[in-house]
Amino acid sequence: MFPVWKGVFRRKRVGRIEADRPCRSEEIPSHVALIMDGNGRWARKRALPRAAGHHAGMLAMRDVIRAADDWGIKVLTLYSFSTENWKRPHHEINYLWQLVDEFFQLDIGELVARNVHIRILGEPSQLPQATQVTIARALESTKTCSGLVVQFALNYGSRWEIVKAVQHIASRIQKNEIAVAEIDEDMVSNAMDTAGLPDPDLLIRTAGDQRISNFLLWQIAYSEFVFVDVMWPEFTRKHFYSAIQAFVARERRFGGLK
Ligand code: IPE
Ligand code: IPE
Ligand code: MG
């Protein structure tokens, strides 16, 4: 049975607003990372349970994935659950895993049809068994897909990712596979969960807070940041489009001169 509140946002669901690319295809960021924040505040404003905010957030996420695919973005990284989010009440955490199950079960057909390749950042081994099975199936179903890469950061913390990378490199030194002097930026990048993918060009955070909250600390060295005030469940492809246009208007110098 769907709880009563599910009808509230179904009626308000925003459909496709912009099907066209927001700018010339060569200006489209290759990799967009998203901190999807504000589900709880969205729900509180409507006197709904936080779970309703997370469910509405899942619907917003679905449309953002479609937009990224429609516009030719190569990699989309979605911060879905941080290592610090375990501090939340059990019932909220359990609902979030239920939503992960629901999302992958309902959307996997469309993702495969869109040729979307799914990757996971973080430690799924600490998730409930049923969620791990759903995730493993989704990874298996999309492993040969060669289109948009969607990375779900699930039980992800950037500091822990860096610690794991250091441990991995140190163990290779211990086994005499590499020398200390061989460690370089590429080796560190390749020891991260994001190995083999370009760094984010654009990082968007919703809900007004201007912080990183332990997300991709190594990878965002030269990303452009766009902070938007709308709560994540209200974030539509129109907001996504505006964020990309803000990105296109920036001058990226990477420490050099214009
Ligand atoms: C983001 O929304 C979703 C997760 C962190 C899982 P929040 O649940 O953090 O919403 P606010 O920040 O409390 O409004
Ligand atoms: C960041 O949001 C994590 C996710 C969006 C999954 P939080 O709501 O956990 O971040 P803080 O606590 O406001 O920094
Ligand atoms: Mg939050």
Side-chain angles (χ1 to χ4, degrees), residues 14-38 57 59-80 107 110-111 113-119 121 142 145-153 158 185-186 189-190 192-213 215-258:
V14 181
R16 283 184 175 210
I17 291 165
E18 294 283 354
D20 296 327
R21 286 196 168 86
C23 47
R24 294 203 305 277
S25 53
E26 66 271 20
E27 293 174 330
I28 290 273
S30 292
H31 183 171
V32 178
L34 262 153
I35 302 179
M36 308 182 287
D37 196 23
L59 300 182
M61 183 181 82
R62 176 180 287 154
D63 204 40
V64 161
I65 296 172
R66 288 175 179 158
D69 183 37
D70 292 344
W71 296 339
I73 289 168
K74 303 263 186 301
V75 185
L76 184 68
T77 301
L78 300 166
Y79 205 5
S80 309
D107 286 57
E110 178 176 346
L111 294 172
R114 282 180 177 269
N115 199 22
V116 168
H117 185 96
I118 295 171
R119 284 177 59 152
L121 311 180
T142 67
C145 293
S146 54
L148 170 69
V149 175
V150 180
Q151 305 192 100
F152 293 89
S158 181
E185 290 190 12
D186 282 346
S189 291
N190 284 323
M192 298 288 175
D193 294 353
T194 49
L197 294 177
D199 288 339
D201 300 292
L202 169 62
L203 172 82
I204 305 170
R205 182 173 185 142
T206 58
D209 288 319
Q210 302 196 355
R211 58 175 171 258
I212 299 304
S213 305
F215 191 43
L216 302 176
L217 300 175
W218 170 266
Q219 297 89 339
I220 58 173
Y222 269 106
S223 304
E224 296 295 327
F225 293 179
V226 172
F227 296 101
V228 297
D229 287 333
V230 294
M231 300 296 131
W232 175 251
E234 294 166 330
F235 189 87
T236 62
R237 61 171 66 202
K238 195 172 148 198
H239 301 105
F240 196 9
Y241 185 102
S242 303
I244 292 176
Q245 290 198 318
F247 165 83
V248 169
R250 304 261 177 97
E251 185 186 272
R252 301 181 82 190
R253 289 185 295 275
F254 301 97
L257 302 176
K258 191 180 169 193

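Residue numbers run from 1 in the order of the sequence given. Just so it is clear, the values below take in all heavy atoms, side chains as well, and ignore hydrogens, waters and symmetry mates.
- Atom-to-atom distance recorded for Q219:CD and H31:NE2 is 8.0 Å, nearest 0.5 angstrom.
- Side-chain atoms of R252 come within 3.5 Å of backbone N or O of Y222 as a donor-acceptor pair.
- Using cut-offs of 30° and 60° on the angle between ring planes, the pair F225 and F227 is perpendicular.
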Open item on the list: Assess the residue pair R250 and V226 against the criterion (side-chain contact (heavy atoms from CB on, under 4.5 Å)); give the C-alpha distance rounded to whole Å, side-chain angles, the decisive distance to 0.1 Å, and a yes or no.
Closed with: CA-CA 11 Å; R250 304 261 177 97; V226 172; 3.6 Å; yes
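- When every heavy atom of H117 is checked against every heavy atom of T142, the shortest pair comes out as ND1-O, 3.1 Å.
- Distance alone, capped at 3.5 Å, places no donor-acceptor pair between the T194 side chain and the M192 backbone.
- Contact record, D201 with S30: OD2-N, 2.9 Å, taken as the closest heavy-atom pair.
- In terms of heavy-atom proximity, M231 sits nearest to A207 at SD-CB, 3.7 Å.
- From R66, atom CZ reaches atom CG of D107 across 6.5 Å, with rounding to the nearest 0.5 Å.
- Within the 3.5 Å criterion, the main-chain N or O of G57 finds a donor-acceptor partner in the side chain of W232.
- Residue R119 comes nearest to D193 through the heavy atom pair NH2-O, 2.9 Å, listed as atom of the first residue, atom of the second, then distance.
- Rounding to the nearest 0.5 Å places CD1 of I220 at 7.5 Å from OG of S158.
- Counting only distance, with no hydrogens or angles, the side chain of T206 and the backbone of M36 share no donor-acceptor pair below 3.5 Å.
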Open item on the list: Run F215 and T77 through side-chain contact (heavy atoms from CB on, under 4.5 Å) and show every step you take.
Closed with: CA-CA 10 Å; F215 191 43; T77 301; 3.9 Å; yes
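- Using a 4.5 Å heavy-atom threshold, the side chains of L59 and P233 count as separate.
- With a 4.5 Å cut-off on side-chain heavy atoms, L78 and I65 count as touching.
- Rounded to the nearest 0.5 Å, atoms CD (E234) and CG (D229) are 10.5 Å apart.
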- [ ] Assess whether side-chain contact (heavy atoms from CB on, under 4.5 Å) is satisfied between L121 and L216, documenting all intermediate values.
- [x] CA-CA 10 Å; L121 311 180; L216 302 176; 4.2 Å; yes
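- Under the 4.5 Å side-chain criterion, counting only non-hydrogen atoms from C-beta, S213 is in contact with R205.
- A side-chain contact (heavy atoms from CB on, under 4.5 Å) with L34 is found for exactly one of L202, V64, L203, namely V64.
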- [ ] Please assess S189 against W218 for the test side chain to side chain donor-acceptor pair (under 3.5 Å), listing each intermediate value before the final yes or no.
- [x] CA-CA 8 Å; S189 291; W218 170 266; 3.0 Å; yes
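- Remark: K74 NZ to D69 CG distance equals 11.0 Å, nearest 0.5 Å.
- When side chains are defined from C-beta on, I204 counts as touching F240, because their heavy atoms get closer than 4.5 Å.
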Open item on the list: Pair S242, H239 - check side chain to side chain donor-acceptor pair (under 3.5 Å), show working.
Closed with: CA-CA 5 Å; S242 303; H239 301 105; over 6 Å; no
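- Using a 4.0 Å cut-off between charged side-chain N and carboxylate O, D70 and R114 make a salt bridge.
- Distance alone, capped at 3.5 Å, places no donor-acceptor pair between the N190 side chain and the A195 backbone.
- Nearest heavy atoms, R211 versus I35: O-CD1, 4.0 Å.
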Open item on the list: Using the rule given for side-chain contact (heavy atoms from CB on, under 4.5 Å), can you reason through T236 versus V230, listing the C-alpha separation, both sets of side-chain angles and the distance that settles it, and then say yes or no?
Closed with: CA-CA 10 Å; T236 62; V230 294; over 6 Å; no
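- Considering every non-hydrogen atom in both S80 and F152, the closest pair reads OG-CD2, 4.0 Å.
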